[in-house]
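Note that the structure is a prediction, hence the values are computed from the model and not measured. In what follows, chains carry the letters A, B, and so on, assigned in the order in which the sequence lines appear, proteins first and then strands, with residues in each chain numbered from 1.
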2 protein chains.
Amino acid sequence: MLTERQLLILQVIIDDFIESAHPVGSRAISKKDEISLSAATIRNVMADLEELGFLEKTHSSSGRVPSEKGYRYYVDNVIGSTMAKGNLSIMRDLVRDEFIDFEKLVQKSAEVLSDLTNYTSIILGPEIFETKLKQLQIVPLTDHSAVAILVTDSGHVEHRSFTFPAEISPNDLEKIVNILNDRLHGISLARLPEVITKEVLSLMQMYVHDFEKSYQYLKSAFFQEQPVKLYIGGKTKLLTQPEFNDINKIRAFYQMMENEDQVVNLLKAPQHGIKVTIGNENKIDEIKDFSLITASYQFGSEQMGTIALLGPTRMEYRKVITLLNALSNEMTEALYLWYKNNGY
Amino acid sequence: MLTERQLLILQVIIDDFIESAHPVGSRAISKKDEISLSAATIRNVMADLEELGFLEKTHSSSGRVPSEKGYRYYVDNVIGSTMAKGNLSIMRDLVRDEFIDFEKLVQKSAEVLSDLTNYTSIILGPEIFETKLKQLQIVPLTDHSAVAILVTDSGHVEHRSFTFPAEISPNDLEKIVNILNDRLHGISLARLPEVITKEVLSLMQMYVHDFEKSYQYLKSAFFQEQPVKLYIGGKTKLLTQPEFNDINKIRAFYQMMENEDQVVNLLKAPQHGIKVTIGNENKIDEIKDFSLITASYQFGSEQMGTIALLGPTRMEYRKVITLLNALSNEMTEALYLWYKNNGY
DNA sequence: GTTAGCACTCTAACCATCTGAGTGCTAATT
DNA sequence: AATTAGCACTCAGATGGTTAGAGTGCTAAC
């Protein structure tokens with residue numbers, strides 16, 4: 001456990017370093033208003049903090065820089081008590097004003113978040129697996145191609161085009177659609193394939209002529225993997241951070257970001273509240289120099305998606321955590337109100 | 001007009017520089033197999049070419065580097081005669097195999113193009129303005145929200161959610177949809193707003209109770225600007241090019257690329273064949289250090305979209321032009337076949 | 001326990017020097 | 001008249017030495 005004085009100095013060093021990105025020396029600290037100790041004393045404390053692993057030197061006679069352990073301690077013990085205010089109303093207004101369409105809200109939020117912080121924001125769109133089918137439509141395009149449109153109760157629209165042999169008559173197609181609509185209404189998208197094979201298949205065989213053939217084609221429309229929507233804001237923001245003025249550090253990172261699956265995996269874990277992952281705590285090599293802050297938004301007890309900010313380990317944790325907290329609360333509440341107003 | 005010898009040496013210098021990215025000296029050239037002149041002679045020719053504006057020096061005693069005028073001459077006069085073969089079958093197979101869904105094809109093409117060249121590829125998706133409405137669907141979600149779905153004859157699906165006051169009865173909604181479907185079938189998306197205001201509006205007023213109110217809301221679904229789809233492949237590829245190892249050069253570029261409108265504007269001009277824009281020929285400041293090669297693909301005489309590659313002015317013009325040419329032809333042909341097979 | 005003082009360390013900036021690749025010019029060669 | 005060898009010259013970039021300044025750790029005094 002750190003003494004009061006150690007804690008204070010750790011905090012001052014981290015705050016200073018977060019702002020300046022330069023190693024912090026004892027003299028600079030002793031000059032701060034909140035510190036009334038001489039440089040020599042500070043040096044002793046700093047040596048202790050270094051021995052405890054909270055600080056590091058870049059070379060033998062340099063000032064101190066927070067270690068990852070230092071940041072971790074700072075995040076766990078220093079920040080909680082002193083949440084920053086301000087900017088919170090921006091989040092509230094944003095969510096209130098933009099909530100016409102969830103996708104737009106999410107896109108806009110990602111932008112605002114990265115503008116406010118100068119870090120890269122990543123938002124995992126609302127998880128559509130748990131939403132239920134509202135209506136199914138098949139629109140024939142030509143003799144043997146059609147597009148299937150799925151509308152969910154949350155207003156989300158999915159569509160897939162598929163082809164089929166000309167033998168299927170428009171009449172049969174209509175029958176198929178009717179049966180599917182009748183049986184699949186209210187089923188969650190995730191369960192569609194299962195319900196189709198178990199319940200709907202046999203039914204169709206009864207009513208639709210030569211069904212096996214049609215089924216081969218129809219299947220492709222329903223059994224497709226559903227992509228998770230990913231919204232990224234401010235990809236270039238990190239280029240302005242001094243720690244990334246080396247191309248090679250950036251290259252690997254941007255290549256990682258091009259791979260959507262990998263990014264989705266980063267954020268997909270279930271969680272409550274805010275989660276902070278600092279430097280090497282991250283599982284993916286490409287972001288070992290980064291910190292990742294994630295928050296989730298819910299509908300009821302169901303986690304709908306994740307909001308995240310990615311920046312250097314030298315991150316404005318206090319500000320970022322406060323912002324994410326606010327946005328996640330606002331989104332959760334907006335979601336609740338929206339569903340309620342729309343009679344769920 | 002250049003002499004035979006000048007042309008040969010210009011070509012050799014450009015080819016060498018494109019490969020090595022280093023200024024080319026007289027000695028290096030004289031050692032090449034296709035050159036049987038001494039370094040001194042080459043130097044004289046190089047001095048002439050520099051005076052004519054085709055070559056430049058980076059400093060008074062450096063080797064020569066092609067100027068933009070040099071590249072322009074190379075592209076206009078040297079390349080045409082010697083088109084590279086190879087890789088063309090990749091393009092053909094790609095288009096043939098992936099053409100289930102146009103969006104997927106375009107996405108995949110963008111990736112392949114950038115993998116093959118190590119430049120960034122940009123494809124402007126098929127212009128949907130000219131496609132015609134096939135079917136319109138309005139799916140009510142709750143008492144006062146619904147999603148409108150537009151299906152075009154090319155199989156493209158657009159959807160917009162909108163809200164309306166509870167006063168509109170499901171009955172009215174159905175009437176509206178019927179009238180719209182009846183009247184708007186076969187109308188191009190671009191003309192929808194026009195036709196609605198001119199023809200459909202009065203009709204609705206006759207049949208639908210209290211129509212003015214509903215219209216206010218419905219309007220929002222139809223009069224939205226339709227975003228042009230943009231596919232970008234290999235955004236990070238340029239980071240590997242030696243000319244961009246300076247963060248500041250890259251930052252402006254990436255910021256420009258984040259602005260979709262700007263990128264769309266870059267490519268939107270109508271054109272035939274391949275168009276090469278070198279360095280300062282580009283109108284946008286952020287890519288004054290880049291070359292942009294564009295090609296278009298058509299359906300019939302109608303230009304459907306644009307394919308482009310963006311790289312340093314030191315670009316493998318020969319390879320890139322050949323590739324783009326092939327892809328644009330393949331896409332045009334595939335589009336033709338697809339429409340034909342589907343009975344247009 | 002705190003602080004002043006001092007020797008010590010290391011980085012970063014600056015400068016001088018050197019090397020090598022390349023040039024332009026001139027005079028000799030073909 | 002065109003080509004080439006030879007040579008003086010230029011400049012970027014690498015190498016190495018010097019210095020200034022910021023910072024440290026330690027010791028001795030307060």
Set out, line by line, the N/O atom pairs under 3.5 Å between protein and nucleotides 15-21 of chain D.
none

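Annotation: proximity of residues 12-20 of chain B to DNA chain C (heavy atom, distance under 4.0 Å) is found for no residue. Shown for residues 25-42 of chain A: residues whose heavy atoms fall under 4.0 angstrom of DNA chain C, namely L37(A), S38(A), A40(A), T41(A).
Cation-pi geometry between K237(A) and Y119(A) is not met at under 6.0 angstrom from the ring centre and within 45 degrees of the axis.
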field: Intermediate values then yes/no, side-chain contact (heavy atoms from CB on, under 4.5 Å), D16(A) and H22(A)
entry: CA-CA 8 Å; D16(A) 190 288; H22(A) 294 298; over 6 Å; no
Pair F290(A)-F244(A), ring pair (Phe, Tyr, Trp, His ring centres under 6.0 Å): steps then yes or no: CA-CA 10 Å; F290(A) 295 76; F244(A) 303 120; 4.8 Å; yes
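Distance H59(A) NE2 to dG23(D) P: 9 Å, rounded to the nearest Å. When rounded to the nearest whole Å, the span between CZ of R43(B) and C1' of dT10(D) equals 14 Å.
Taking 4.5 Å as the limit, every side-chain heavy atom of E316(B) sits out of range of all side-chain heavy atoms of T117(B).
The side chain to side chain donor-acceptor pair (under 3.5 Å) test applied to N44(B) returns no partner, not counting sequence neighbours.
For DNA chain C, the outermost nucleotides in 5' to 3' order that have an atom under 4.0 Å from a heavy atom of chain A are dT2(C) to dT11(C).
With salt bridges taken as basic N to acidic carboxylate O contacts below 4.0 Å, none links E56(A) and R64(A). Between E281(B) and K288(B), no side-chain nitrogen of the basic residue sits less than 4.0 Å from a carboxylate oxygen of the acidic one, so the salt-bridge criterion is not met.
Distance CZ/R43(B) to CD1/I29(B): 11.0 Å, rounded to 0.5 Å. To the nearest 0.5 Å, the span separating CD1 on I9(A) from CG on L2(A) amounts to 11.0 Å.
A donor-acceptor contact closer than 3.5 angstrom is absent between the side chains of N118(B) and Q241(B). A donor-acceptor pair shorter than 3.5 Å can be found between the side chains of T294(B) and Q271(B).
In this structure, Y317(B) and Y74(B) have perpendicular ring planes: the angle between them is above 60°, well past the 30° mark.
Positionally, the nearest nucleotide of DNA chain D for N44(B) lies more toward the 5' end than for the other of M46(A) and N44(B).
Residue pairs meeting the salt bridge (Lys or Arg N to Asp or Glu O under 4.0 Å) criterion with at least one member in residues 242-257 of chain B, sequence neighbours excluded, are E243(B)-R314(B).
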